[in-house]
There are 2 protein chains.
Amino acid sequence: MTAMAPAPTTPDLSFLLDHTSHVLRTRMAAALSEIGLTARMHCVLVHAIEEERTQAELAEIGDMDKTTMVVTVDALEKAGLAERRPSSKDRRARIIAVTEEGAKVAALSQRIVDRVHQTALAGLSKDERELFLRVMNRLVTDELATPADNPQPVRRARQRAS
Amino acid sequence: MTAMAPAPTTPDLSFLLDHTSHVLRTRMAAALSEIGLTARMHCVLVHAIEEERTQAELAEIGDMDKTTMVVTVDALEKAGLAERRPSSKDRRARIIAVTEEGAKVAALSQRIVDRVHQTALAGLSKDERELFLRVMNRLVTDELATPADNPQPVRRARQRAS
DNA sequence: TATTGTTATACTCTATAACTATA
DNA sequence: TATAGTTATAGAGTATAACAATA
């Protein structure tokens, strides 16, 4: 015997958002990789240029863990695009200073990012694009502002190096 | 000296899509976890009910690797919601048969999914919602249909067990 | 005591390869 | 030879804990 299928689904918003964000992410990664950047490196670079910021501040902006920030800044330093400098206000903190080369690369990567975004929306009319972006912004600030807190996965304590 | 910041960014579509899809995903995971399901289990359940389908067919529909399908079906069997049955047409293949209990759970989980989706879009007017979904569908079928193929990460051959 | 940045590492997720049975 | 499903495991990504320096 065959069970009855549930009634037809409402438009599958999960699929729509997952698919589009995944595709855009791969496009962005591919486009930025041509100048040796990851999306995170681009993000840090751009916000570090705007004003003097510490790693912690940049991690907050880019919604990264501070340990993820460490490897991102390592990569930027290795590529000669940014440097760690001691903060004059807090001797624990490091300011991320963008090099001249880094500023050039950031200008270029920003153009790449803009181009990928524009290409994605190229098929829409001006009105459609405006309303779409308005709605997305509303979702981000209202209904879909904050994640459900997930049931904490248990994590065992690390072994002492002794 | 301070470098010039790049010109103000076009609306950050990457952020909008990443954020909304991430938040919706956590909401969905939290809602479905209350009845012991993952999104993948729900997806397999619903499509297995519609008609007789093999693991490979269900993997294709849900865009999962066949090895991911194995663990998903293991979970469904363990929960008593579905069973593997030999296909009458191909003795290599397994039909995923949904149990009576599984059908009940699928009807419930579909209602949960619909509710989460509706809640996410609750703040929009009917017109806004319709246009938004139309645009998302267009992006999925046109501009953002297929991912950029990523530079293949090298993977070493597995050691012989011998 | 709390916080910044660091290191080491544990965990999750997913995909690859090898394998068995069958086509 | 190729394919369905299984198992084992490699690798990427990320988050936790512990730590040193400083607040």
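Since this is a predicted model, take the numbers as computed values, not measurements.
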Note to self: Just to verify, what does Val70(B) make a side chain to side chain contact (heavy atoms under 4.5 Å, CB included) with, not counting sequence neighbours?
What the structure shows: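 Side chain to side chain contact (heavy atoms under 4.5 Å, CB included) check on Val70(B) returns Gln55(B), Asp74(B), Arg84(B).
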Note to self: Under the rule for side chain to side chain contact (heavy atoms under 4.5 Å, CB included), what residues qualify as partners of Ala93(A), not counting sequence neighbours?
What the structure shows: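 Here the qualifying residues are Thr54(A), Ser87(A), Asp90(A).
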Notebook entry, point to check: Would you find more than 12 non-hydrogen atoms of other residues, nucleotides or ligands less than 6.0 Å from Arg129(B) atom CZ?
Noted result: yes
Notebook entry, point to check: Excluding sequence neighbours, so at least two apart, what forms salt bridge (charged side-chain N to carboxylate O under 4.0 Å, His left out) with Arg53(A)?
Noted result: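 Checked Arg53(A) against salt bridge (charged side-chain N to carboxylate O under 4.0 Å, His left out); matches are Glu50(A), Glu51(A).
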Next item on the list: Quick one: list whatever passes salt bridge (charged side-chain N to carboxylate O under 4.0 Å, His left out) with Glu83(B), sequence neighbours left out.
Entry: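 If we apply the salt bridge (charged side-chain N to carboxylate O under 4.0 Å, His left out) test to Glu83(B), skipping adjacent residues, the hits are Arg85(B).
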In whole Å, what is the span from the [atom1] atom of [X] to the [atom2] atom of [N]?
X	N	atom1	atom2	result
Glu60(B)	dG5(D)	CD	C1'	16 Å
Asp63(B)	dT14(C)	CG	P	11 Å
Asp65(B)	dT7(D)	CG	P	15 Å

Can you pull every protein N or O that's under 3.5 Å from an N or O on nucleotides 2-6 of chain C?
| from | atom 1 | to | atom 2 | distance (Å) |
| --- | --- | --- | --- | --- |
| dT3(C) | O4' | Arg92(A) | NH1 | 3.4 |
| dT3(C) | O2 | Arg92(A) | NH1 | 2.7 |
| dG5(C) | OP1 | Gln55(A) | N | 3.2 |
| dG5(C) | OP1 | Arg94(A) | N | 2.9 |
| dG5(C) | OP1 | Arg94(A) | O | 3.3 |
| dG5(C) | OP2 | Ala56(A) | N | 2.7 |
| dG5(C) | N7 | Lys66(A) | NZ | 3.3 |
| dG5(C) | O6 | Lys66(A) | NZ | 3.3 |
| dT6(C) | OP1 | Arg84(A) | NE | 2.8 |
| dT6(C) | OP2 | Gln55(A) | OE1 | 3.0 |
| dT6(C) | OP2 | Gln55(A) | NE2 | 2.9 |
| dT6(C) | OP2 | Arg84(A) | NH2 | 3.2 |

Next item on the list: Any side chain to side chain donor-acceptor pair (under 3.5 Å) involving residues 130-142 of chain A? Give me the pairs, sequence neighbours left out, ordered by first then second residue.
Entry: Arg138(A)-Glu128(B)
Check: Nearest nucleotide by nearest heavy atom, which residue falls closer to the 5' end of DNA chain D, Arg91(A) or Arg25(A)?
Finding: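 The residue whose closest nucleotide sits nearer the 5' end is Arg25(A).
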